[in-house]
J.: 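Could you have a look at this structure, given as structure tokens, before my questions?
Reckoned from all heavy atoms, side chains included, excluding hydrogens, waters and symmetry mates.
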Amino acid sequence: MAKQAAKTAITPTREEDYPEWYQQVVKGADLAENSPVRGCMVIKPWGWGIWENMQRVLDRAFKETGHVNAYFPLFIPLSFFEREAQHVEGFAKECAVVTHHRLEPDGEGGLKPAGPLEEPLVVRPTSETIIGETYAKWVQSYRDLPILINQWANVVRWEMRPRVFLRTAEFLWQEGHTAHATKEEALEETMKMLDVYADFAENVMAVPVIKGEKTPAERFPGAVNTLCIEAVMQDRKALQAGTSHFLGQNFSKASNIQFLNAEGKQEFAWTTSWGVSTRLIGALIMVHSDDDGLVLPPRLAPKHVVLLPIYRDASERSGVLEYVNDLANELRHVPYFDGKIQVEVDDRDIRGGDKVWQHIKKGVPLRVEVGPRDIQSNSVFVGRRDQGPKEKKAVPRDEFVATVAKTLDDIQTSLFNKAAALRESVMHPVDSLVEFEAYFTPKNPDKPEIHGGFALAHWADDPAVEEKLKELKVTARCIPLAGPEEPGKCIFTGKPSNKRVVFAKAY
RNA sequence: CGGGGCAUAGCGCAGUCUGGCUAGCGCGUCUGCUUUGGGAGCAGAAGGUCCUCAGUUCGAAUCUGAGUGCCCCGACCA
């Protein structure tokens, strides 16, 4: 007797234990695993495939907006790092520092660090300082500007509470660093890249975002202004999915990026920086996935279609495989998004049900079963990942091939719409502190249930507000750019306010 | 950095209190056979410095001491 099949592929469900569900989705989809180094993860091929797709699409967007790629060192001399006071304050506590350059026997069979460095090296938590130092050498005249460079790199921030993809000690990202002759141009760049991110999140990740400006307390250390995109996860918490910083002249003064303008006067350049990281994969998981595992938007899925040959014995096998391989080859020529349909034929010798569930847990958008019966009727049996695992239907083979790209677009759209509906359902105007507190207080404080959401409330920049927010474990996510001007009173201090701010618990 | 807990097979655990046969169990892994349109069954196999070091003892996974690592709660997290 087969044992009772679990109702969902992932246990626990989102409702039962959201953080644990997240970890099980990552495991079930074979995206990544924890490594022997605390806080550092091994990204496995399926997870890496998603990141590669993100990189490809973003990289093209950066090139289309006039940027080029380059690479700067992993190590930053401590003295560079010290130059921008705010920057130091923000990052000092999470820096890994290299102090030695050699190992030697410790006399007990092991090794110990030897050869102390004259100046310690900080493993980059971000590269403003080292890139600023380099730009200072490159820039002499207004004719050398703008500099529009991006780099793909790893960075290290020694986090106390790591979580796979969402907060890891080492993570991968891209960081754009630009220098401009005028403030206006730098501001325009900051906004332009925010739009690139928002467009990517919505059209490629199928994740609706709120574009906004950070409050002073949440700003990047050393920035004049930080813009961000914020997304709603299924547990109603917020996740910052991308940031774009207007750095003013803070870093150019710290690194001495000066140029001679057209009037022959020395000026400091205006700089920006902007980045997104492997954290986006965490966002992808928490926005779309369900209790059966990962759900991938087709535009980022490493494979769009998995073909599952079904046969009983060797005599059936060759016929089915021939049919399936033929179908795979035809599909591989079908254009989709910015390339072709990616197809996997899974003929591994493992039990059928187990195999199908593996692909469900990995979030492959389309599963196609082909057995002797289907071949007889020249049709295929199709399951969509955005629908239930049992909702499958027979489709004539040629129709499937002709409509596969459109079907993937449908899935992409349905995922976006579902996420947009979720976001709408958790946006909530709040007009009093009492209401605010109630909104963000779980019924069960020991094991908080899914609660809260995105509270839109009037706000004033005041230390008392920070105090209250900390108590509730809520943060000001952003001042939405699109939010209407609306006179009101700060719900914390009673001070006048002309716009609502988004508040939420956050990752 | 403060408070608490844990350390035995890849993972989850029992055994420790009360020292004593060859250190077990579940899951997973591997192999074979039977199965396969929905998460299989049977048979077999591999896999352990019982965290480390020192001590007590005829004998230590078990008792004692020191060390190390990890987890949870706080602090911290642009």
Side-chain angles (χ1 to χ4, degrees), chain A residues 1-11 19 23-24 27-28 33-34 36-39 84 86-95 108-110 125-126 128 155 157-163 166-169 171 173 175 214-228 240 242-245 247 273-275 277 279 292-293 308-314 316-317 320 347-361 367-376 379-383 388-394 445-447 470 473 475-478 506-507:
Chain A
M1 234 356 244
K3 69 177 172 191
Q4 183 72 38
K7 271 177 111 173
T8 56
I10 300 295
T11 45
Q23 289 188 267
Q24 293 305 322
K27 193 174 167 193
E33 62 189 40
N34 285 317
V37 186
R38 182 188 152 85
E84 218 292 334
Q86 292 287 315
H87 198 61
V88 175
E89 201 183 312
F91 283 109
K93 275 176 280 185
E94 44 191 284
C95 282
E108 291 165 28
T126 179
E128 275 75 9
V155 287
R157 297 179 188 180
W158 212 260
E159 297 290 351
M160 290 308 188
R161 290 276 158 85
R163 281 188 78 188
L166 294 174
R167 183 173 298 120
T168 47
F171 58 92
W173 75 345
E175 45 180 329
K214 284 290 184 194
T215 60
E218 301 285 331
R219 239 173 240 154
F220 177 78
V224 173
N225 197 5
T226 289
L227 302 181
C228 62
Q240 176 179 297
T243 48
S244 184
H245 314 291
L247 305 174
S273 67
W274 28 274
S277 72
R279 190 179 221 209
D292 287 326
L308 302 154
I310 289 159
Y311 48 81
R312 283 169 199 281
D313 50 41
E316 284 183 354
R317 181 170 185 266
V320 171
D347 187 36
R348 287 175 304 159
D349 182 21
I350 57 174
R351 202 181 148 77
D354 200 7
K355 192 193 278 188
V356 169
W357 280 102
Q358 285 181 17
H359 293 290
I360 291 174
K361 284 187 282 192
R367 303 181 307 279
V368 178
E369 294 164 31
V370 181
R373 269 186 273 154
D374 305 299
I375 294 173
Q376 203 126 65
S379 63
V380 294
F381 214 55
V382 181
K390 300 243 163 80
E391 285 179 60
K392 297 180 299 185
K393 59 182 183 189
D446 293 331
K447 188 171 173 293
K470 201 166 182 177
K473 296 187 174 177
T475 51
R477 299 317 301 161
C478 67
Y507 280 100

J.: Under a 3.5 Å limit for both distances, which nucleotide forms a Watson-Crick or G-U wobble pair with B:rG74, could you say?
T.: B:rC1
J.: For A:Phe91, which contact category applies under a 4.0 Å heavy-atom criterion: base, sugar-phosphate, or nothing?
T.: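 Here A:Phe91 touches the bases of the nucleic acid.
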J.: Are any of A:Arg351's side-chain N or O atoms less than 4.0 Å away from OP1 or OP2 of B:rU36?
T.: no
J.: Expressed in angstrom and rounded to an integer, what is the separation of A:Ile375 atom CD1 from B:rG37 atom P?
T.: 16 Å
J.: Atom CD of A:Gln23 to atom P of B:rC11: distance rounded to whole Å?
T.: 15 Å
J.: Would you say a side-chain N or O of A:Arg367 is under 4.0 Å from OP1 or OP2 of B:rG37?
T.: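 Checking A:Arg367 against B:rG37: no side-chain N or O falls below 4.0 Å of OP1 or OP2.
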J.: Atom CD1 of A:Ile350 and atom C1' of B:rG28: how far apart are they, to the nearest Å?
T.: 14 Å
J.: Could you tell me the Watson-Crick or G-U partner of B:rG20, where both distances fall under 3.5 Å? Say none if there is no partner.
T.: B:rC58
J.: Here's a test of your reading of the structure: between A:Ala217 and A:Ile10, which maps to the more 5' nucleotide of RNA chain B?
T.: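 First, find each residue's nearest nucleotide; the 5'-ward one identifies A:Ile10.
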J.: A:Glu316 CD to B:rU36 C1': how many Å, rounded?
T.: 11 Å
J.: Sugar-phosphate atoms are those with a prime plus P, OP1 and OP2; base atoms are the rest. Using that split, label each nucleotide of nucleotides 71-77 of chain B B, S or - for protein heavy atoms under 4.0 Å, 5' to 3'.
T.: S-BBBBB
J.: Return the value, rounded to whole Å, for the distance between atom CD of A:Glu369 and atom C1' of B:rG39.
T.: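 For the pair A:Glu369 CD and B:rG39 C1', the rounded distance is 13 Å.
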J.: If we call it a pair only when both distances are under 3.5 Å in a Watson-Crick or G-U wobble match, what pairs with B:rC25?
T.: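 Matched B:rC25 with B:rG12 under the 3.5 Å cut-off.
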J.: Within this structure, what is the CZ-to-P distance between A:Arg373 and B:rG37, rounded to whole angstrom?
T.: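 Going from A:Arg373 (CZ) to B:rG37 (P), I get 10 Å.
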J.: So which nucleotide does B:rG48 pair with, by the Watson-Crick or G-U wobble rule with both distances under 3.5 Å?
T.: none
J.: Under 4.0 Å between any heavy atoms, over every strand shown, what does A:Pro372 touch: base, sugar-phosphate, or nothing? Just pick one.
T.: base
J.: Could you grab the distance from atom CD of A:Glu84 to atom CD of A:Glu128, nearest 0.5 Å is fine?
T.: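 Spacing of CD (A:Glu84) from CD (A:Glu128) equals 9.5 Å.
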J.: Determine the interatomic distance between C1' on B:rA23 and the same-named atom on B:rG48; round to the nearest Å.
T.: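 Result for the C1' pair: 9 Å, nearest Å.
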J.: Figure out the CH2/C1' separation between A:Trp357 and B:rA40, and round it to whole Å.
T.: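 In whole Å, B:rA40 C1' lies 16 Å from A:Trp357 CH2.
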J.: For B:rU35, what is the paired nucleotide under Watson-Crick or G-U wobble rules, both distances under 3.5 Å?
T.: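 Paired with B:rU35, as far as the under-3.5 Å criterion goes, is no nucleotide at all.
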J.: Please check if the side chain of A:Lys214 supplies one atom and the backbone of A:Arg477 the other of a donor-acceptor pair under 3.5 Å.
T.: yes
J.: How long is the line joining CG of A:Asp354 and P of B:rU36, in whole Å?
T.: 16 Å
J.: Using Watson-Crick or G-U wobble geometry with both distances below 3.5 Å, tell me the partner of B:rA7, or none.
T.: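 B:rU68 - that is the nucleotide pairing with B:rA7, both distances being under 3.5 Å.
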J.: Between A:Arg167 and A:Pro162 (side chain of the first, backbone of the second, donor and acceptor by atom type, cut-off under 3.5 Å), is there such a pair?
T.: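 Not confirmed, A:Arg167 side chain does not pair with A:Pro162 backbone.
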